Amino acid sequence: MASTRREWAEDDEFDDPNSLPQNEIINNPDGTKTTITYRLLENGKKIKTTRKIKISIIKERVNPRVAERREWAKFGKEKGHGPGPDLTTTTIGENIIFKPSPQWKAVEKEEESTGSLKTQLKDKKVSCRICQGDHFTARCPFKDTLAPVGEAPPDESRPDSPDPTVGVGGAYVPPHQRNKGKDAGPGSSFNSGRERDDLATLRVTNLSEFAEENDLRDMFDRFGRVTRVFLAKDRETGRAKGFAFVSYQDRMDAQRACEKMDGFGYGHLILKVEFAKRSQ
DNA sequence: AATGAGCGC
């Protein structure tokens, strides 16, 4: 009797009015865990909390210095507890690997150029032999203007000023559509007054904010001499606003570029290309 | 959805 009483009295929970039962972690058969925690409120009341939790094991390669820190003795309220997070008090979040690098853009490009072939083979993606876009070579908008990469573009040997009366495909170019002179284009003497020449200017819309003037030039260059590329950008943020203007020396080239490039995929978007109208 | 900058002699 006395011994029973003694055992009963030994139980901390009843000995000390401020003591709490041991926290418990129960492994459930379905892989979840149930945690039971106890805490004491200021007014002396005891709170028992039961939580059912799911723990996903994060497989990771831990930085040795991080691993070392994990073994450090705990302090404060966790003093004396074992290593690792106490799952009754700590929630383990998603393990996000963040690799800050000032050259992220270059690195991304690098990865694109070195890894894309493998990636594309692995994912059975399509790579155009002409412009390396993600369409079949036969569907390339440049297929009759450009040779596949590595071969000389057929137009490269073309003189800067061919017979101005002869357009692409030998078609006659009427005088009002001729645009001779090496620096003809916006602001040239062929313009009426100081008006901007938009006769051979295309408006390109549905561009991504990551579009770049040079990319546009490279894409539109292939149809003829591009005299100007203007990519509208936000003056504050510098980000592309989603539209651009591409001017050609020759309206015929603009015409072909318009036909070929309207609907072309660039940076996950489908471009819309049409002849520009004068502003306002 | 959207039709362009900034120079100032």
Side-chain angles (χ1 to χ4, degrees), chain A residues 102 104-106 108-109 112 128 131-135 139-146 153 155 158 160-162 164 167-169 171 173-280:
Chain A
W104 65 272
K105 230 177 173 173
E108 211 166 62
K109 270 201 180 134
E112 233 170 65
C128 171
C131 72
Q132 270 142 4
D134 52 1
H135 47 252
R139 300 198 51 194
C140 181
F142 309 123
K143 83 169 141 41
D144 41 22
T145 37
L146 259 198
D155 282 354
R158 187 181 72 175
D160 280 343
S161 304
V168 177
V173 180
H176 70 277
Q177 285 185 358
R178 292 176 203 163
N179 207 347
K180 42 195 171 154
K182 286 203 181 4
D183 33 49
S188 88
S189 57
F190 279 96
N191 299 332
S192 45
R194 40 175 222 85
E195 293 268 285
R196 184 168 54 221
D197 177 9
D198 275 350
L199 285 173
T201 295
L202 301 175
R203 182 179 69 140
V204 183
T205 53
N206 206 29
L207 286 164
S208 104
E209 62 167 299
F210 303 112
E212 283 177 28
E213 234 165 61
N214 282 339
D215 292 346
L216 287 170
R217 185 174 284 277
D218 290 344
M219 287 191 288
F220 284 85
D221 239 353
R222 321 179 133 148
F223 301 96
R225 188 157 296 259
V226 169
T227 54
R228 192 179 74 127
V229 174
F230 176 86
L231 175 65
K233 292 190 205 127
D234 185 294
R235 209 172 347 155
E236 253 98 76
T237 68
R239 291 208 299 201
K241 286 202 264 187
F243 66 97
F245 295 95
V246 178
S247 304
Y248 286 87
Q249 188 174 302
D250 195 320
R251 192 180 158 91
M252 296 297 282
D253 293 337
Q255 178 68 52
R256 285 187 316 127
C258 182
E259 285 161 13
K260 297 286 184 183
M261 293 304 289
D262 186 35
F264 184 63
Y266 168 47
H268 313 300
L269 291 175
I270 306 295
L271 298 187
K272 184 175 166 82
V273 181
E274 57 210 323
F275 271 92
K277 295 197 256 289
R278 288 308 318 274
S279 165
Q280 314 270 343

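Remember, it's a predicted structure, so these values are computed and weren't measured experimentally.
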Apply salt bridge (Lys or Arg N to Asp or Glu O under 4.0 Å) to [X] and list each qualifying residue two or more places apart in sequence or on a separate chain.
X	value
A/E259	none
A/R239	A/E209
A/D198	A/R196, A/R278
A/E274	A/R203

**Prompt:** Hey, where on DNA chain B does chain A first and last touch, going 5' to 3'? Cut-off is any atom under 4.0 Å from a heavy atom.
**Reply:**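 On DNA chain B, the outermost contacted nucleotides are B/dA2 to B/dG6.
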**Prompt:** Nearest nucleotide by nearest heavy atom, which residue falls closer to the 5' end of DNA chain B, A/R235 or A/F243?
**Reply:**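 Mapping each residue to its closest nucleotide by heavy atoms, the 5'-most match is A/F243.
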**Pairing residues for A/D215 by the side chain to side chain donor-acceptor pair (under 3.5 Å) criterion, not counting sequence neighbours** =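 Side chain to side chain donor-acceptor pair (under 3.5 Å) check on A/D215 returns A/Y266.
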**Prompt:** Touch check for A/A232, heavy atoms < 4.0 angstrom, all strands: base, sugar-phosphate only, or nothing?
**Reply:**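 Nothing, no nucleic acid heavy atom in range.
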